[in-house]
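As a basis for the values below, the full set of heavy atoms in this structure was taken, side chains included, without hydrogen atoms, waters or symmetry mates.
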Amino acid sequence: MARKKPEGYLSAKEARQISRKNRKITGQLEKRRKRKKVPESEYLTTMHNPGNAVEFDNLHTYFFTDAGTVKSVDGVTFEVPIGKTVGVVGESGCGKSVTSLSLMQLLQRPHGQIVEGEIRLNLGDKAVDVAKMSYQAMQDLRGNFISMIFQEPMTALNPVFRIGEQLEEVIELHDKENKTAQERKERTIQLLEMVGIANSEGVYRMYPHELSGGMRQRVMIAMALACNPKVIIADEPTTALDVTIQAQVLDLLRRLKNKINSSIMFITHDLGVIAEMADYVVVMYAGRIVEKGTAEEIFENPAHPYTIGLMASKPVVGRHTEQLYSIPGKVPNPINMPDYCYFKDRCEMCLECCANEYPREISLSETHKVSCYRYYPENKDSVTKEGGNA
């Protein structure tokens, strides 16, 4: 009797087949991405709403691994309005950071690729589709129009260069004003002062390891704001900081956003931070958006069972509990996603129809959207009888 293969096992033959297929797909995508002189007409587009800074439209970002294709971002659609903060929440591995890296075109290539969808970026006088831009054209947008505050400043900063040199390099590469060396130094010290570093002259000459975590994070914020970008991506900028420094960094981001009229895409696990910072909230699970709406709608009336679970798992000041709630089960295998609702196997509010195809997006209000069978018109009566919040 033949022994059954353990789950996830691949024979050498299967691995070679996957590898050949991946090389063919990524080779075609890379060839298009690496073209030197791409006519602007190829990536010029029109914003669906001129009031948005960024529009993600049916974005698919995949990683072609030796074990199979990981659909890290699988059909994501949402907007970042001009001058607003959009919070993106979800557990680790749900696709938050990959969505932001797709906007910056900083995916780990050739394995990571945008395979479908649009990312429309509003430049003011025109709009471009980042997903279709060449690497060379994208270089002009980074720093000037979009910039990113990375998750871990100690790994994002180069340990062998002084803080001043690293900040000046950003200004030299991306600032179109052709500043002199002295002007770049003055601008760098001004940026350090702007982010609340008192000893700016001293920090200018220091190496990253000489600074505390909060100071390094402020340097990363200064670097991101060096050229007054229109869109700032903050990828968990307060994760490694204590509560006091976290509050200072959030206050700093809020003030600077208003000062230069930027939009912020704020990625975090911390619902408390989202409640304080965000105007709009996007909840992601397993590469898809399960719920989105204004911060008030999401916090006062969470609709998707996953969002409800996230809210229940956060501690509340003044409420005594023996044990914090945790969502049961685990995220499905990203290489072999189910053909039904991805959250079904962990959901405590399931209906019989949840075993059908992935649910479509339902509008609860003009801004509040949810992808769940519980809000289909034909299921509303049965959910209400069960005592649900539909």
Side-chain angles (χ1 to χ4, degrees), residues 53-54 85 97 100-101 103-107 121 138-241 245-246 248-268 277:
V54 183
T85 299
S97 293
S100 65
L101 290 171
L103 171 58
M104 292 288 287
Q105 270 203 27
L106 289 176
L107 295 164
L121 179 64
M138 191 64 202
Q139 191 73 4
D140 293 331
L141 293 185
R142 288 197 205 104
N144 294 314
F145 289 95
I146 47 175
S147 63
M148 191 165 182
I149 304 165
F150 292 96
Q151 188 168 352
E152 177 46 63
M154 196 59 202
T155 56
L157 291 168
N158 193 321
V160 300
F161 290 104
R162 297 180 192 273
I163 296 299
E165 292 173 327
Q166 296 189 54
L167 272 165
E168 283 181 14
E169 184 184 26
V170 174
I171 297 166
E172 188 177 358
L173 279 173
H174 299 292
D175 200 322
K176 301 301 181 185
E177 295 178 12
N178 296 319
K179 289 182 170 67
T180 63
Q182 181 59 33
E183 287 173 333
R184 287 197 296 272
K185 181 178 179 179
E186 288 171 3
R187 173 63 176 158
T188 298
I189 290 170
Q190 181 192 353
L191 285 165
L192 292 173
E193 288 171 353
M194 186 172 72
V195 296
I197 294 175
N199 180 23
S200 54
E201 290 273 4
V203 170
Y204 177 88
R205 294 187 296 273
M206 289 181 182
Y207 289 95
H209 71 270
E210 297 180 88
L211 304 178
S212 67
M215 292 278 272
R216 284 196 293 266
Q217 194 66 73
R218 287 168 190 267
V219 170
M220 288 302 301
I221 294 170
M223 197 175 282
L225 300 177
C227 301
N228 296 328
K230 294 298 179 188
V231 180
I232 302 165
I233 301 165
D235 188 0
E236 304 199 35
T238 59
T239 302
L241 307 178
I245 302 300
Q246 178 175 300
Q248 290 175 9
V249 169
L250 293 177
D251 187 51
L252 171 67
L253 276 172
R254 236 189 332 262
R255 282 189 287 107
L256 294 175
K257 175 184 81 88
N258 296 332
K259 187 175 180 180
I260 61 177
N261 193 30
S262 291
S263 307
I264 296 181
M265 184 175 160
F266 201 101
I267 297 166
T268 184
M277 286 287 293

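Here S100 contributes atom OG and I267 contributes atom CD1; the two are 3.5 Å apart, rounded to the nearest 0.5 Å. The distance from the CE atom of M220 to the CE atom of M148 is 9.5 Å, given to the nearest 0.5 Å. Note that the CD1 atom of I149 and the CG atom of L253 stand 5.0 Å from one another [nearest 0.5 Å]. Note that CG of N199 is 14.0 Å distant from OH of Y204, once rounded to the nearest 0.5 Å. Between L141 atom CG and M104 atom CE the span is 9.5 Å, to the nearest 0.5 Å. The CD1 atom of I221 lies 10.0 Å from the CE atom of M194; values are rounded to the nearest 0.5 Å.
Annotation: salt bridge (charged side-chain N to carboxylate O under 4.0 Å, His left out) contacts of K259 (sequence neighbours excluded): none. R254 is linked by a salt bridge (charged side-chain N to carboxylate O under 4.0 Å, His left out) to D251, E276, counting only residues two or more places apart in sequence or in another chain. In terms of the salt bridge (charged side-chain N to carboxylate O under 4.0 Å, His left out) criterion, residue partners of D140 (sequence neighbours excluded) are, by chain and number, K176.
Pairing each heavy atom of P237 with each of Q217, the nearest pair is O-OE1, 2.7 Å. Taking both residues in full, the closest heavy atoms of E236 and T268 are given as CG-CA, 3.8 Å, listed atom of the first, atom of the second, then distance. In plain terms, the two heavy atoms of M223 and V170 that are nearest each other are CG-CG2, 3.4 Å. N158 and P208 make their closest contact through O-CG, 3.4 Å (heavy atoms, listed as atom of the first residue, atom of the second, distance). Closest approach of H174 and G143 over heavy atoms only: CG-CA, 4.1 Å. Taking both residues in full, the closest heavy atoms of L167 and V219 are given as CD2-O, 4.3 Å, listed atom of the first, atom of the second, then distance.
Remark: the backbone N or O of C227 is not paired with any side-chain donor or acceptor of R187 at under 3.5 angstrom. At distances below 3.5 Å, at least one donor-acceptor pair connects side-chain atoms of Q166 with backbone N or O atoms of F161. Remark: the backbone N or O of P153 is not paired with any side-chain donor or acceptor of R216 at under 3.5 angstrom. No donor-acceptor pair closer than 3.5 Å links the side chain of R142 to the backbone N or O of M138. A donor-acceptor pair is defined here as one N or O able to donate and one able to accept, closer than 3.5 Å; such a pair exists between the side chain of S262 and the backbone of P229. E210 places a side-chain N or O within 3.5 Å of a backbone atom of Y207 that can act as its donor or acceptor partner.
Side-chain contact between I197 and M215: present, with at least one pair of heavy atoms (C-beta onward) separated by less than 4.5 Å. Between I233 and F150, the closest side-chain pair of non-hydrogen atoms is not below 4.5 Å. The side-chain heavy atoms of M206 and R162, taken from C-beta on, include no pair separated by under 4.5 Å. Using a 4.5 Å heavy-atom threshold, the side chains of I189 and V203 count as separate. For the pair I171 and K179, the minimum side-chain heavy-atom distance is below 4.5 Å.
Between the side chains of S97 and D235, at least one donor-acceptor pair of N or O atoms lies under 3.5 Å. Between the side chains of Q248 and R218, at least one donor-acceptor pair of N or O atoms lies under 3.5 Å. Between the side chains of E193 and S200, at least one donor-acceptor pair of N or O atoms lies under 3.5 Å.
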> What do the steps show when you test N144 against N228 for side chain to side chain contact (heavy atoms under 4.5 Å, CB included), and what is the final call?
Replying inline: CA-CA 7 Å; N144 294 314; N228 296 328; over 6 Å; no

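The 12-atom threshold is not exceeded at NZ of K230, counting heavy atoms of other residues, nucleotides or ligands nearer than 6.0 Å.
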